[in-house]
Amino acid sequence: MPAPLRLYNTLSRTIEPVDPIEPGQLRIYVCGMTVYDHCHVGHARAMIVYDTLVRYLRHRGWTVTFVRNFTDIDDKIIQRAAAEGTTPEEVAERFIDSFHRDMDGLGLVRPDMEPRVSGTIDEIVAMIGRILDAGHAYVNQGTVWFDVASYPEYGALSGQRPDELRSDDPDKGKRHSADFALWKAARPDEPSWPSPWGSGRPGWHIECSAMCAATLGQEIDIHGGGLDLVFPHHENEIAQSQCSHGGQRFVRHWMHNGLLTAGAGTKAGGRAHRDAEAEQVDQKMGKSKNNAFVIHQALELVPAEAIRLYYLQTHYRSPLPWSDDSLLESLAMLARLYEAREQAEQMGGSEPLPKVVEAIGAEARTVVELARALPERIDRAMDEDFNTAMALGHAFELARAINRLGNQKQARRRGGPIAAEALAALSYLGPTLGLLQQGTEAFHDEVATKRLAALGLSREAVQSLVDDRQHARQQKDWAKADALRGQLEQMNISLMDTPKGPVWRVKL
RNA sequence: GGCGCCGUACCCAAGUGGUUAAGGGAGAGGUUUGCAAAACCUCCAUUCACCGGUUCGAAUCCGGUCGGCGCCUCCA
């Protein structure tokens with residue numbers, strides 16, 4: 001049996017055990033993208049949160065079926081196609097490709113299914129038919145409206161009551177301003193499909209209900225998405241799904257990730273003036289707010305795992321401010337983990353563990369204790385509402401202990417058996433959090449490539465200064481060596497003299 | 001107007017009834033070093049926006065005040 005997991009359920013507003021429909025199995029549906037533009041780092045947060053969840057659940061023994069859709073029929077896609085003089089299909093296809101490139105770049109697992117609205121039209125039409133038959137919808141001039149008043153449970157997820165909503169809709173033929181379109185009557189120059197109510201296309205919310213049922217069945221275990229989807233999108237999904245399935249419960253566990261915010265003043269430590277320009281407050285990131293930072297740009301600055309760490313440092317339900325400075329800070333944190341691992345990798349010796357521990361003493365014991373405890377501590381944090389931040393905190397405690405041990409000459413020579421324990425523990429970060437999955441060299445190389453590009457420097461330029469300094473040092477021309485070091489420092493390159501020769505790194 | 005979330009050190013951030021309030025970054029001092037860098041050590045919130053209340057005991061529960069954010073139009 002897989003390990004039990006407790007998660008916050010938006011429906012009950014409490015942390016509850018995940019209670020699967022079938023023992024050991026979880027059917028998870030996550031709202032994906034409307035593909036009318038490139039994804040920004042706010043979308044990346046949602047994608048990374050659910051990717052981490054799925055990885056972790058599988059690692060803990062669950063059989064997970066993970067579905068994430070593409071909304072490829074939508075007003076904005078149609079608008080963009082019209083503006084570019086192309087077809088909605090072409091626009092959707094282009095941004096689905098872009099999405100896949102971004103997700104691959106971020107190192108995310110592919111969902112088991114990625115249904116598209118355009119491939120689910122028959123199911124959508126059938127579902128709308130059942131909703132009409134059940135008396136929860138009405139037709140007006142080729143448009144089918146969901147009849148909110150017919151469904152007393154409406155609002156259970158979001159706490160909204162239809163009559164209390166701000167209603168600024170001009171009358172479009174609805175009975176109640178909270179009613180929403182299941183099927184939109186065809187308009188000229190827009191894609192449309194035949195239906196019993198005339199040609200048209202699906203409304204915004206029905207696709208997810210239909211794709212969910214088509215891929216996972218009438219009832220699913222976990223439905224995820226951004227907090228901004230709670231109302232109306234998910235509220236409407238519940239209404240549609242349950243009204244078309246004879247009242248059958250739709251979702252057992254509703255999971256919502258907090259949003260990324262943008263627009264805060266500088267966070268650069270030490271000089272956070274409170275001047276007028278820094279008075280901007282955090283605002284949700286979004287294209288309409290014109291403050292979006294695209295995933296592709298972020299991946300040019302840092303390795304994918306740094307972006308991942310950025311998000312996992314904060315609990316998934318909290319809002320998270322985005323800033324370039326914080327992104328670089330996350331990279332520095334990631335490097336700290338990689339460097340601790342490297343430190344462990346370099347410890348030699350193959351004596352029996354107890355003997356080495358005995359010889360080295362307290363520092364060795366601490367590493368062994370923390371290493372052995374780490375997997376369980378990570379699991380405990382993750383099993384209680386997916387607390388990735390706490391899990392990471394534990395990992396950093398081990399990293400510090402490894403470094404402390406590595407400061408001892410004797411440990412570097414004989415600490416191998418202790419390091420093996422630490423390495424095993426650190427490798428636990430892969431299947432659980434998706435971190436430390438690169439080789440040490442590959443990591444340093446990627447960091448150097450991306451950071452040098454960001455600084456406008458070339459490896460050759462750096463290397464030649466490093467070489468010059470090395471010559472100066474060999475001639476004990478300390479003044480010249482220090483001058484060259486200073487020059488590198490100015491370029492944001494720090495130089496480390498190691499027993500194996502000088503090693504340089506871009507300062508993080 | 002309605003619904004909901006949040007306010008923890010210089011910054012980011014975990015903790016949500018009970019021994020010393022995780023972790024990261026910045027800062028100060030030290031160890032180490034030709035000098036450095038990295039790393040390590042020490043210091044850096046007797047205190048969790050504010051005010052009341054419940055309790056033997058609260059950052060954690062309840063009420064109020066102030067401040068911020070999200071949703072109610074498309075949104076991860």
Side-chain angles (χ1 to χ4, degrees), chain A residues 10 13 30-34 36 39-50 74-76 155 158-169 178 204 224-233 235 256-261 266-272 281-289 309-310 313-315 317-321 323 325-326 328-330 332-336 339-340 343 363 381 387-397 399-408 473 476 478-479 481-482 485-486 488-489 493-498 502-505 507-508:
Chain A
T10 309
R13 301 190 193 287
V30 173
C31 283
M33 295 297 304
T34 299
Y36 70 97
C39 294
H40 57 65
V41 289
H43 301 121
R45 182 179 190 195
M47 301 310 154
I48 286 171
V49 163
Y50 297 109
D74 166 85
D75 292 353
K76 287 191 178 158
S158 61
Q160 301 288 350
R161 273 162 302 164
D163 291 332
E164 301 288 348
L165 297 170
R166 200 194 288 149
S167 58
D168 50 0
D169 287 297
W204 172 36
L227 204 51
D228 53 348
L229 295 180
V230 173
F231 191 87
H233 188 57
E235 194 70 71
H256 291 101
N257 60 277
L259 303 178
L260 203 65
T261 59
T266 179
K267 293 191 178 56
R271 49 185 176 79
V281 279
D282 281 3
Q283 264 196 335
K284 174 182 166 183
M285 182 176 289
K287 295 186 183 93
S288 55
K289 301 251 196 312
L309 182 63
Y310 191 114
Q313 275 176 85
T314 301
H315 189 91
R317 286 193 282 114
S318 301
L320 207 188
S323 80
D325 287 352
S326 305
L328 293 177
E329 195 176 294
S330 296
M333 288 176 80
L334 181 64
R336 186 168 162 77
E339 277 158 18
Q343 180 83 259
E363 258 117 59
N387 197 333
T388 55
M390 185 183 260
L392 278 166
H394 298 321
F396 278 101
E397 284 181 52
R400 196 201 306 127
I402 293 169
N403 286 331
R404 194 189 303 141
L405 180 67
N407 274 349
Q408 295 189 25
R473 286 187 76 212
K476 301 229 191 291
W478 306 123
D482 289 351
R485 173 194 287 291
L488 285 159
E489 201 76 15
I493 303 296
S494 54
L495 197 57
M496 290 160 276
D497 292 319
T498 73
V503 172
W504 61 269
R505 294 273 152 76
K507 276 202 257 181
L508 299 179

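Small disclaimer: the values here were computed from a predicted structure and weren't measured. The chains referred to below are lettered A, B, ... by the order of the sequence lines, with proteins before strands, and numbering in each begins at 1.
The base of B:C12 lies outside donor-acceptor range of the side chain of A:D325, with no N or O pair under 3.5 Å. If you check distances only, the side chain of A:R473 does reach the base of B:G34 with a donor-acceptor pair under 3.5 Å. The base of B:G34 sits within donor-acceptor range of the side chain of A:D482, with an N or O pair under 3.5 Å.
A:R404 comes within 4.0 angstrom of the backbone, heavy atoms only, and of no base. Among the atoms of the strands shown, none is found under 4.0 Å from any heavy atom of A:Q343. A:T498 comes within contact range of no nucleotide atom at all, as no heavy-atom separation falls under 4.0 Å. At a threshold of 4.0 angstrom between heavy atoms, the contacts of A:N403 are confined to the sugar-phosphate backbone, with no base atom among them. Across all strands, A:G225 comes closer than 4.0 Å only to sugar-phosphate atoms, never to a base (heavy-atom distances). Nucleic acid contact class of A:H315 (heavy atoms, under 4.0 Å, all strands): sugar-phosphate only. In this structure, A:G406 reaches neither bases nor backbone, as no heavy-atom distance under 4.0 Å exists between it and the strands shown. The residue A:L320 sits apart from the nucleic acid: no heavy atom pair falls under 4.0 Å.
Residues passing the side chain to side chain donor-acceptor pair (under 3.5 Å) test with A:E164: none are found, sequence neighbours excluded. In terms of the ring pair (Phe, Tyr, Trp, His ring centres under 6.0 Å) criterion, A:H394 has no residue partners (sequence neighbours excluded). Annotation: side chain to side chain donor-acceptor pair (under 3.5 Å) contacts of A:D75 (sequence neighbours excluded): A:R201. Applying the side chain to side chain donor-acceptor pair (under 3.5 Å) test to A:D228 and every residue at least two apart in sequence or in another chain returns A:K284. Shown here are the ring pair (Phe, Tyr, Trp, His ring centres under 6.0 Å) partners of A:Y50, two or more places apart in sequence or in another chain: there are none.
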Report task. Take nucleotides 3-9 of chain B nucleotide by nucleotide from the 5' end and write B, S or -, depending on whether a protein heavy atom sits under 4.0 Å from the base, only from the sugar-phosphate, or from neither. Result -> B------
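Side-chain N/O atoms of A:E363 and A:Q408 include a donor and acceptor closer than 3.5 Å.
Across B:G24, B:A13, B:G70, the shortest atom-to-atom separation from the side chain of A:F396 is found for B:G24.
The aromatic ring of A:W478 sits over the base of B:G34, with ring centres less than 5.5 Å apart and planes inclined by under 30°.
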